[in-house]
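Here the structure comes first, spelled out in structure tokens, and everything after it is commentary.
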Amino acid sequence: VIEISPIEHILVLVMHHIASDGWSLPIFVKELVSLYGSREEGVPSDLMTLPIQYADYSLWQRSDSFSLLLSNKLSYWDKKLKGISPLNLPTDFSRPSTRSHQGGILGFTISGDLLNDVYKLSTATETTLFMVLLSVFKVLLYRYSGQEDISVGSPIANRGQSDVEPLIGFFVNTLVLRSSLIGATRFKDFLLDLRATTLEAYDHQEVSFEKIVDQLGADRDMSRSPLFDVMFVLQNNVSIPEISLGEAVLSSELYERDTTAFDLTFSVDETSSGLAVSIEYSKDLFLPDTIVRMFDHYKMLLSSVVSDPEQSIGNLSMLTPVEEKELIHDFNDTAVDYPFDRTIID
């Protein structure tokens, strides 16, 4: 607890990721508030007894039944990710032989009107918000790189059993979502294909990312992450409630992150006014202006998709009006004064 003044303090809580995940934080806050209130009022805590502990989950992971389940599901990932290709995006700087993990983060917004159109598309195609946003993100990567084999990492809560939902612990897993993209494919068809890929991945989510890497025998490269370099995240877990500890009211204190684990991490959070997008990027590879331009292209692709999902992914418009004017008009403005009083020879 850091005292700023007699009436203002900062409470800093550091928890190793091996002991908790994003899902755990609202649980921790809720229990902290409940325990503080019961202590202050001198009454027993009203927290319910947990049906199991994290140790029980850990023991289950070591059981024979889990090993058999794992073996069957690991073969799916072995087949799905065999021969995976690294993503080579155009970068501002050459990729260093060893990453420094220096990162930056920029924030953007997508309007509520555009979000409503995205929801209409997801309803019409029987997909989720995550699937639509991810499919457009993959189209962006395809258009930037020209590669037809695109793999993106995405975290999943991995709390399939109801008994583990109220537990604080590390359950989250990373799924590798691999897609094949061809410019002539209609976006709607690609979206439905990505839906199938995503649902298959959910059915096999129990296999840890580390086991998949070991199974595939992926080459270790100090300049890259194994299997994917780009992460896409939709933040849809329960939000942290307002914290009141007696007369003290706590609010979040934002801080700037200066590290990153991947080349790019797109994080999307739904708000009352639309979508909040934060892009974490490697300073070894990208300048901030490039990230701003990348988001503008993503937003334009999203608008193109909701206006006509029947378009081929290679023809979807992603240029902003300013870029369109510059490329089509400014760069092609080749008119010059011609001296009519002189001949060509002169």
Exercise. According to a 4.5 Å side-chain heavy-atom criterion applied to Ile, Leu, Val, Met, Phe, Trp and Tyr, with indirect links allowed, do L13 and W23 form part of one hydrophobic cluster?
Worked result: yes

Problem set entry | A261 backbone acceptor or donor facing R99 side chain under 3.5 Å | yes

Problem set entry | Residues D78, K82: salt bridge by 4.0 Å N-O rule | yes

For this session: In sequence, state the C-alpha distance, the side-chain angles, and the governing distance for Y57 and Q61, and then conclude on side-chain hydrogen bond (donor to acceptor under 3.5 Å, both in side chains).
Result: CA-CA 6 Å; Y57 173 77; Q61 281 194 316; 3.2 Å; yes

Exercise. For the side chain to side chain contact (heavy atoms under 4.5 Å, CB included) test, which of I212, L227, V213 pairs with V176?
Worked result: L227

Exercise. Should the pair F170 and H17 be assigned to parallel (<30°), tilted (30 to 60°) or perpendicular (>60°) ring geometry?
Worked result: perpendicular

Problem set entry | Side-chain heavy-atom pair P309, L191 within 4.5 angstrom cut-off | no

Exercise. Should I27 and L35 be regarded as members of a common hydrophobic cluster, given that ILVMFWY residues are connected when their side-chain heavy atoms come within less than 4.5 Å of each other, either directly or indirectly?
Worked result: no

Exercise. Are F137 and L199 connected, step by step, through hydrophobic side chains (Ile, Leu, Val, Met, Phe, Trp, Tyr) whose heavy atoms are closer than 4.5 Å?
Worked result: yes

Exercise. Cut-off 3.5 Å, side chains only: do S38 and D46 have a donor facing an acceptor?
Worked result: no

For this session: Look at R159 together with D21 and state whether they make a salt bridge at an N to O cut-off of under 4.0 Å.
Result: yes

Exercise. Do M300 and Y142 share a hydrophobic cluster (ILVMFWY, side-chain heavy atoms under 4.5 Å, transitive)?
Worked result: no

Exercise. With a 4.0 Å cut-off, would you call D258 and K283 a salt bridge?
Worked result: no

